[in-house]
Protein chains: 2
Amino acid sequence: MTRGTRAEQRERTRQALVRESRRLFATLGYGAVGLSEIVRAAGVTKGALYHHFSSKAELFRAVLEQVQEEVAERIAETADAREDTWEQLISGCQAFLTVSTDPVIQRIMLVDGPAVLGWSEWRAMNETTSGRHLAQVLGDLIEEGTIIAQPVEPLTHLLSGAMNEAALWLAASKDPADLDDTQKALVAMLQALRVT
Amino acid sequence: MTRGTRAEQRERTRQALVRESRRLFATLGYGAVGLSEIVRAAGVTKGALYHHFSSKAELFRAVLEQVQEEVAERIAETADAREDTWEQLISGCQAFLTVSTDPVIQRIMLVDGPAVLGWSEWRAMNETTSGRHLAQVLGDLIEEGTIIAQPVEPLTHLLSGAMNEAALWLAASKDPADLDDTQKALVAMLQALRVT
DNA sequence: TCCTTCACGTACTGAAGGTACGTGAACTTT
DNA sequence: AAAGTTCACGTACCTTCAGTACGTGAAGGA
């Protein structure tokens, strides 16, 4: 039954496990998904799963990594289209709010992520993907004098926290005007950081 | 062995379960704590636990409720000392950042809470305690014309999300100046909301 | 061709959350 | 105050879960 070279087969199995567990984690939540359900959906057995991942949490980690890379990519491609650094910040934040409305991203990245891996690990993973962009842009804006001189880290956490929570709320809200209202309020808060 | 009236005994057992599980949940995290560990610490059996709570998640819910009430109380008593509504907002936010540095509150209220109960339920519980105060004050400030007229909800979520994330970061940070920097950045963002 | 490696499958284990049912003391009723 | 009822728990058990030990057969190297 196994097809192709060994490395190919290995990769196919791993991807099937990540893909199916991502789908199940997103719809049911980490705690409500059993490993037996995952391996059945992926068409393999638990032997295969534990050959690739050392634990259920490690499997989740691989899924979260994939999700975060996708989010970072989608934000970067929106932000990098702008020349002005300030506009990169604004459009990047708006892109995040839009992208994060996806329930898949919600549950895995924002709800289960911190609880399963612990907040510090979750933070560290963010730092290497989408979180890095935000800190980078804010740092640039401070350096070029657009934003009032201040430590970057507190600002980064305040803003990313604000957007995370807002995204979760937006996904649950019914009124389509909420997105617009939130973006306006966010931009207003960002404007406050500018030197007059 | 049982002492006093039936209602008294019932209450003692319940409080012992909540107290011990709160301690264990806070130090080890919800997932890492077994029911057997909880009932052993509380000096009862699983029969008692399931007589009071319908599930492990319900027990956690009771713990979270207690924690949130304490936080709301501590914030309210700081904020209510002020006469000016604007100063209530500022001092309330600062009180939240200070109170939320407690690792007990961190783990239960900010990390495990959304994952165990689901984000919407977690949000609903916040809304009835500390979250209500924030929305209340912001609403008052808009009404009295101190803050630019706008929908209250987006603002509330942006701010509470910012403070939640900031609190988690502050608890992990080493530099004592971080708290001050964060509060300054937060106040600056709040100032942006004022009418000129 | 023989041997080694490795990507799995199979069969099992301990512990977890949860349940069914028994029990004895606290309350109620007559 | 005796009999009956309620209820706060304890005991014993079940199911399901994450995790492990070990076997197997095909791929790759000699």
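Each chain gets a letter, A, B and so on, in the order its sequence line appears, and its residues count up from 1. The figures that follow rest on heavy atoms only: side chains count, while hydrogens, waters and symmetry mates do not.
- Using modelled atom types, no side-chain atom of B/E165 and backbone atom of B/A162 make a donor-acceptor pair closer than 3.5 Å.
- One finds a side-chain N or O of A/T5 lying less than 4.0 angstrom from the OP1 or OP2 phosphate oxygen of D/dG28.
- Remark: the backbone N or O of B/T128 is paired with a side-chain donor or acceptor of B/R132 at under 3.5 angstrom.
- Between the side chain of B/S55 and the backbone N or O of B/E58, at least one donor-acceptor pair lies under 3.5 Å.
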Just the atom pairs and distances: protein N or O near nucleotides 12-15 of chain D's N or O, under 3.5 Å.
none

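- Atom NZ in B/K56 sits about 14 Å away from atom C1' in D/dT16, given to the nearest Å.
- Side-chain nitrogen and oxygen atoms of B/T13 include at least one within less than 4.0 Å of the OP1 or OP2 phosphate oxygen of D/dC9.
- Counting only distance, with no hydrogens or angles, the side chain of B/T129 and the backbone of B/M125 share a donor-acceptor pair below 3.5 Å.
- Which of C/dC6, D/dC9, D/dA18 sits closest to the side chain of B/Q9 comes down to D/dC9.
- At the phosphate of C/dG9, neither OP1 nor OP2 sits under 4.0 Å from any side-chain N or O atom of A/H51.
- In this entry the distance linking CG of A/L49 with P of D/dC17 reads 14 Å, nearest Å.
- In this structure, the CZ atom of A/F53 is 13 Å from the P atom of C/dA7, given to the nearest Å.
- Cation-pi geometry between A/R123 and B/W169 is not satisfied (NZ or CZ under 6.0 Å from the ring centre, within 45° of the ring normal).
- When heavy atoms are screened at a 4.0 angstrom cut-off, A/V33 is found touching the sugar-phosphate backbone but no base atom.
- The main-chain N or O of A/Q150 is never found under 3.5 Å from a side-chain atom of B/K184 such that the two would form a donor-acceptor pair.
- One can place CG of B/L17 at 8 Å from P of D/dC9, the figure rounded to the nearest angstrom.
- Put simply, CD on B/E8 is 12 Å from P on C/dA26, counting in whole angstrom units.
- Counting only heavy atoms from C-beta on, A/A48 has its side chain closest to C/dG9 among C/dA16, C/dG9, D/dC9.
- Comparing D/dT20, D/dC9, C/dC8 by their closest approach to the side chain of A/Y50 singles out D/dT20.
- Scanning for ring-ring contact (aromatic ring centres under 6.0 Å, His included) contacts around B/Y50 gives an empty result, with sequence neighbours left out.
- For B/R6 and C/dT23, the CZ to P distance is 18 Å, given to the nearest whole Å.
- For A/L35 and C/dT13, the CG to P distance is 19 Å, given to the nearest whole Å.
- Across the protein-nucleic acid pair, A/E58 atom CD and D/dT20 atom P stand 13 Å apart, rounded to whole Å.
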